[in-house]
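These notes are about the structure you will find just below.
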Amino acid sequence: MRKSELRQTYLTKQKAISRPDRSAKSEAISDAFFESFDLVGVKYLHSFLPIEKFNEVDSRRIVEKVWSKYPNIQIVVPRVDFETSEITSLKFTAETGLVKNVWEIDEPTHDEFVAPEMIDMVLVPGLCFDLDGHRVGYGKGFYDRFLKTCRLDCVKIGLSYFEPVDKIDDAHDGDVQLDFVITPGRVQRG
């Protein structure tokens, strides 16, 4: 299937997930993350903050566990510049003040930026992924542009409620392949 068809199908499926089911699936994804990845060498972890109206995977479960178990890791989260279509990363702690942007995504109120080349691991949202690690997001290309600015050895991990599809038919060279995708049922290498 093509991205546009997948986007429509999986956005509808994602929005239909009940609150209890979302909580259970997000917990399973968080557990799989900590069971599957060695965080010893990670200094900066970039994580999206979920868009609540789209029922995204609750990545805050991972963030909060990193804060409690890995105090040496600095969490950074995105700020989107809608004029340039670029993502920048800002430091994020439990005390960080947040404000919602025009897409209703929480973003830090401060300007403590972290350069993309400092980031060791990125948690990426997606409506769906394929077996090769291509993703379908909301169609604006923010994360593809951002991931191209990260180091080549930065580990890119997609989080999704849904098992990967076999193939996204219109994936292209501008799409950044992810290294792994975590679903409630498995960790898939991209």
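Computed from a predicted structure; not experimentally measured.
- In this structure, L90 shares a hydrophobic cluster with F113, the cluster being traced through Ile, Leu, Val, Met, Phe, Trp and Tyr side chains under 4.5 angstrom apart.
- Residue pairs meeting the salt bridge (charged side-chain N to carboxylate O under 4.0 Å, His left out) criterion with at least one member in residues 62-88, sequence neighbours excluded: R79-D111.
- Hydrophobic cluster of L131: no remaining members, since no ILVMFWY side chain lies below 4.5 Å from it.
- For residues 159-178, the ring-ring contact (aromatic ring centres under 6.0 Å, His included) pairs, not counting sequence neighbours, are Y10-F162.
- Taking the salt bridge (charged side-chain N to carboxylate O under 4.0 Å, His left out) definition, one finds that D153 meets it with R151, sequence neighbours left out.
- For E27, the CD atom sits in a packed shell: over 12 heavy atoms of surrounding residues, nucleotides or ligands are nearer than 6.0 Å.
- Between L123 and H46 there is no side-chain heavy-atom pair separated by less than 4.5 Å.
- Partners of A24 according to the side-chain contact (heavy atoms from CB on, under 4.5 Å) rule, which considers only residues two or more places apart in sequence or in another chain, do not exist here.
- Atom NZ of K100 has more than 12 neighbouring heavy atoms from other residues, nucleotides or ligands inside a 6.0 Å radius.
- Side chain to side chain, N101 and E107 meet the donor-acceptor criterion of an N or O pair below 3.5 Å.
- Side-chain N/O atoms of S26 and S23 include no donor and acceptor closer than 3.5 Å.
- Between D175 and R135 there is no salt bridge, since no side-chain N of the basic residue sits under 4.0 Å from a carboxylate O of the acidic one.
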